[in-house]
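Accompanying notes for the structure given below.
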Amino acid sequence: MRVCDLPLSADFVSHYESNGIEELYPPQEAAVEAGVANGGRVVAAIPTASGKTFIAELAMLTADGPGLYIVPLRALAREKYETFDQLPGVNVGISTGDFDSAEEDLGEYDIVVATSEKVDSAIRNGASWVESLACVVVDEVHLLGAPGRGPTLEMTLATLQRRVPDLQLVALSATVDNPETIASWLDAELVESTWRPVSLRTGVYSDESVAFDDGTSLAVDVPPLGPKDDADTEATVSLVADAVTSGGQCLAFVRSRREAESLAERLAEEDLSPATDLGDELRELGGTATGAHLADCASTGVGFHHAGLRSSHRAAVETAFRERRLAVICATPTLAAGVNVPARRVVIRDQKRYTGDAMEWIPVLDVHQMCGRAGRPHLDPYGEAVLVGDEATHDELVERYVEADAEAVDSQFDDRESLRTHVLSVVASGFADSVAGVVDVFAATYYAHQQADVDLTALVSDVVSELERMEMLTVDGSTLSATTLGSQTSRQYVSPTTGARIVSGIRTIQTMADENVTPRTALEVVCDTPDMLDTYLGNRERALMYQYARTHAAEFTTAMGEAESFEDWLTAVKTARILHEWSQGETIEDLVERYRIGPGDLESRVERAEWLLGAADALCGALDSDVPEFREVRALLSP
DNA sequence: CTAGGGATACTTTAGACAGCATGTC
DNA sequence: CTAAAGTATCCCTAG
């Protein structure tokens, strides 16, 4: 099937042809046969780089009205925005938490790219543009199975289906075990394929050789180990060096940030590629120790990538790699599911990760996503993914990751926090005013589809009484309504637990002496909330932090003897302290050094604090109260 | 007396979405 | 069922 045979206008056909797209890939053809270009609902479970974007564009361009493209990450939203913006005569908008298209109403765009939470929020707040959509494409739908965020995506899709008649839904998924369940939930045709434009072989390394799944093998020359050498690391170094010397780029995945950096340092010693001026460019982006370390490695063609990096550094590493100015990136799983960063070879040194109580195998889906980054269409003759193991683990790795299918996608809606959030949002936004009404909405979720025998009425009633106790909902006979507090909580997009914590903070503040209410007070409230990221509190720091908490005890809304979990509270105090010092003009360099956090960690906490302080200010309004400190600190956080 | 080796105890550990409304220039 | 690498500390010994 050819592009010119599709129901596309001449402009689009020539756009694609001038980009070298004339013949459809098999999965794309299958999607067309399933009806994507004729308003049909389709779930496509196909590998990355097998032409998902084209399927999405086809659906949105042939739909009779505006399209919405839902992504899980802000960086992905920007990437897709730029891609769609290339389409001739198509007006593209973007809407994410940190960036919104101009003043224009989103309804005026042909295509809007947005994160799933942003769409959920728009629906909750009654944005009218949503109703006029003709086509919605969901990228990475398998995230339905992600705790916390999956339920939001379920609700968004359930609500969109109910509110927009004849909506065309297209969902793009990684290869998972039960795509048919997702397809039947969405009442869509399933297109499944493992076809890739660049062939991929996956293998396991042990004893100086890689055994690939296609039966081939690769001898790897690993120099004799010194006493301090780690076998897995040296094997990884050899595998990376081999890929780079033969003209390819390589991604190496490891367990932790620290190890990503130390592997990068180790590879930098190898002098794999000629020195460039990339290091100097990175140095201009800012002067933390992490940034300097990155710049040093980058001048030898090796980068590292993890969430401790500031987002500008991360973006710079991604771009430099795409432009082939970096030969290698050593990364934590950040890079597995983010923006498009394909390489000739992918080496996965660590397959286990610490999860809080034990070392656990990384999910098969995640490993497959990492492997899927191997092979650049049009640039590499093939892609290779190598799992580093040894004689003892070889067979288990083959069985677990090379031969196994990815896990099934299971609903995570059955979680109190998620249930509270969505029961409240359904009532607050006026989509239901009774338990039966909420159940009716929930009946359209993936959860209800998967768990047909669950007693939704009992579950919802239970959650309703919880929300009633939290003063978020009132019950009058069988009529539910949101309190001012409940509707503000929902609109501000904070979880009910966060809303309740802020409310109790405000009430305590009303009882405090004026001189004790300070910026620290405002930050403590907001940082003691589940919507704030917690900050690791080291053993050595604990005593100092305790001291700090005692010194400022009068300014806090939590009495030290009464904290539900003292450890958690002390962690919140640490976050509040960092943010307070930041608001007082401390530099990133100092804070990163003093509290042993990454520059990116500070960045993300500042971002959240801005959001939560704004929410706290709005909740004050719902309580007929005013705590100017919420606004005052907030103003000091952003430069 | 001290530098340094080595055993041992202790510390640390991936990622990242989200708001708003009223008056004013 | 299930951790492992990195770092600080301390003690001992060789010079």
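Predicted model, so just to flag it, every value in this text is computed and none were measured. Lettering of chains follows the sequences in order, A, B, ..., and the numbering in each one begins at 1.
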**Fill in**
Closest to the side chain of Arg257(A), out of dA18(B), dG6(C), dG15(B), is dG15(B)
**Val494(A) to Trp611(A) - nearest heavy-atom pair and separation** = CG1-CZ2, 3.7 Å
**Asked** Is the phosphate of dG15(B), meaning OP1 or OP2, less than 4.0 Å from a side-chain N or O of Ser604(A)?
**Response** no
**Message:** What is the distance, to the nearest angstrom, from the CE atom on Met532(A) to the C1' atom on dC17(B)?
**Reply:** 14 Å
**Message:** Measuring to OP1 and OP2 of dC17(B), would you say a side-chain N or O of Ser121(A) lies under 4.0 angstrom away?
**Reply:** no
**Request:** Could you check which of dC17(B), dA16(B), dC20(B) has an atom nearest any side-chain atom of Arg74(A)?
**Result:** dC17(B)
**Item:** Nearest-nucleotide pick for Lys118(A), side chain only, options being dG15(B), dC20(B), dA18(B)
**Value:** dA18(B)
**Request:** Applying side-chain contact (heavy atoms from CB on, under 4.5 Å), run through Trp582(A) and Arg605(A) and close with a yes or a no.
**Result:** CA-CA 11 Å; Trp582(A) 171 252; Arg605(A) 277 153 189 78; over 6 Å; no
**Item:** Which nucleotide in dA18(B), dC20(B), dA16(B) has an atom nearest any side-chain atom of Gln492(A)
**Value:** dC20(B)
**Item:** Touch class at under 4.0 angstrom, heavy-atom based, for Asp617(A) against every strand present
**Value:** nothing
**Request:** Nearest 0.5 Å please: distance from the CD1 atom of Ile123(A) over to the OG atom of Ser425(A).
**Result:** 9.5 Å
**Message:** Using every non-hydrogen atom in the two residues, find where His313(A) and Gly291(A) come nearest and quote the distance to one decimal.
**Reply:** CE1-CA, 3.7 Å
**Item:** Any-strand Watson-Crick or G-U partner of dC17(B), both distances under 3.5 Å
**Value:** none
**Asked** Closest approach of Thr571(A) and Thr535(A), non-hydrogen atoms and distance?
**Response** CG2-O, 3.1 Å
**Asked** Within the structure shown, what part of the strands sits under 4.0 Å from Arg314(A) by heavy-atom distance: base, sugar-phosphate, or nothing?
**Response** sugar-phosphate
**Prompt:** For Tyr354(A) and dA4(C), do the ring centres fall under 5.5 Å apart while the planes stay under 30° apart?
**Reply:** no
**Message:** Quick check for you: to the nearest 0.5 Å, what is the distance between Glu417(A) atom CD and His422(A) atom NE2?
**Reply:** 10.0 Å
**Message:** So, using ring-ring contact (aromatic ring centres under 6.0 Å, His included) as the criterion, who are the partners of Phe321(A) when residues are at least two apart?
**Reply:** none
**Fill in**
Trp361(A) CH2 to dA4(C) P, in whole Å, measures 10 Å
**Message:** Students often get this wrong, so: under 4.0 angstrom with heavy atoms, is Gly97(A) touching a base, only sugar-phosphate, or nothing?
**Reply:** sugar-phosphate
**Message:** For a quick test of reading the model, state the closest non-hydrogen atom pair linking Ser604(A) to Leu533(A) and the distance between them.
**Reply:** OG-CD1, 3.7 Å
**Whole-Å P distance, dA14(B) and dT7(C)** = 14 Å
**Prompt:** When the distance from CD1 of Ile70(A) to P of dA18(B) is rounded to whole Å, what number comes out?
**Reply:** 13 Å
**Asked** With sugar-phosphate meaning primed atoms plus P, OP1 and OP2, does Arg353(A) contact a base, only sugar-phosphate, or nothing at under 4.0 Å between heavy atoms?
**Response** base
Using atom names, set out every protein N or O paired with an N or O of nucleotides 7-11 of chain B below 3.5 Å, distance rounded to 0.1 Å.
unit_1: dT11(B); atom_1: OP2; unit_2: Asn539(A); atom_2: ND2; d: 3.0

**Asked** Taking all atoms of both residues into account, what is the closest heavy-atom pair of Ala572(A) and Asp528(A), and its distance?
**Response** CB-CA, 3.7 Å
**Request:** Select from Ala358(A) and Asp232(A) the residue whose nearest nucleotide in DNA chain C is closer to the 5' end of that strand.
**Result:** Ala358(A)
**Request:** Could you give me the CA-CA distance, side-chain angles and deciding distance for Met155(A) and Phe413(A), then say whether side-chain contact (heavy atoms from CB on, under 4.5 Å) is met?
**Result:** CA-CA 9 Å; Met155(A) 278 300 293; Phe413(A) 205 73; 3.7 Å; yes
**Request:** Quickly work out the Asp601(A) CG to dT12(B) P distance and round it to whole Å.
**Result:** 14 Å
**Item:** Plane angle bin for His306(A) and Phe304(A) - parallel if under 30°, tilted between 30 and 60°, otherwise perpendicular
**Value:** parallel
**Message:** At 4.0 Å (heavy atoms only), tell me whether Glu259(A) reaches a base, stays on the sugar-phosphate, or touches nothing.
**Reply:** sugar-phosphate
**Message:** Can you list everything that forms a salt bridge (Lys or Arg N to Asp or Glu O under 4.0 Å) with Arg266(A)? Sequence neighbours excluded, please.
**Reply:** Glu234(A), Glu269(A), Glu270(A)
**Request:** Return the residues of residues 620-631 of chain A meeting this criterion: a heavy atom under 4.0 Å from some atom of DNA chain B. Order them by number, or give none.
**Result:** none
**Prompt:** How long is the line joining CD of Gln351(A) and C1' of dT2(C), in whole Å?
**Reply:** 15 Å
**Request:** Given side-chain contact (heavy atoms from CB on, under 4.5 Å), test Thr53(A) with Lys80(A) step by step and report yes or no.
**Result:** CA-CA 8 Å; Thr53(A) 305; Lys80(A) 291 300 175 194; 2.9 Å; yes
**Request:** State whether Arg255(A) places a side-chain N or O below 4.0 Å from either non-bridging phosphate oxygen (OP1 or OP2) of dT12(B).
**Result:** no
**Message:** Please compare Leu537(A) and Leu613(A) by the position of their nearest nucleotide in DNA chain B and report the one closer to 5'.
**Reply:** Leu537(A)
**Asked** Given atom CD1 of Ile362(A) and atom P of dA14(B), what is their separation to the nearest angstrom?
**Response** 11 Å
**Asked** If you measure from the C1' atom in dT13(B) to the same atom in dT2(C), how many Å do you get, rounded?
**Response** 16 Å
**Request:** May I ask you to say what Ala307(A) touches in the nucleic acid, namely base, sugar-phosphate or nothing, with a heavy-atom cut-off under 4.0 Å?
**Result:** sugar-phosphate
**Prompt:** Taking both distances under 3.5 Å as the test for a Watson-Crick or G-U pair, what stems of at least three pairs does DNA chain C have?
**Reply:** B:1-13 with C:3-15
**Message:** List the residues meeting salt bridge (Lys or Arg N to Asp or Glu O under 4.0 Å) with Glu318(A), not counting sequence neighbours, and say none if there are none.
**Reply:** none
**Message:** If the cut-off is 4.0 Å, is Thr334(A) near the phosphate of dG15(B), judged by side-chain N/O to OP1 or OP2?
**Reply:** yes
**Request:** Return the value, rounded to whole Å, for the distance between atom CZ of Arg349(A) and atom C1' of dA4(C).
**Result:** 11 Å
**Asked** Which of these nucleotides, dA18(B), dA16(B), dA14(B), is closest to any side-chain atom of Thr96(A)?
**Response** dA18(B)
**Asked** Can you tell me how far P of dG15(B) sits from CD of Glu140(A), to the nearest Å?
**Response** 17 Å
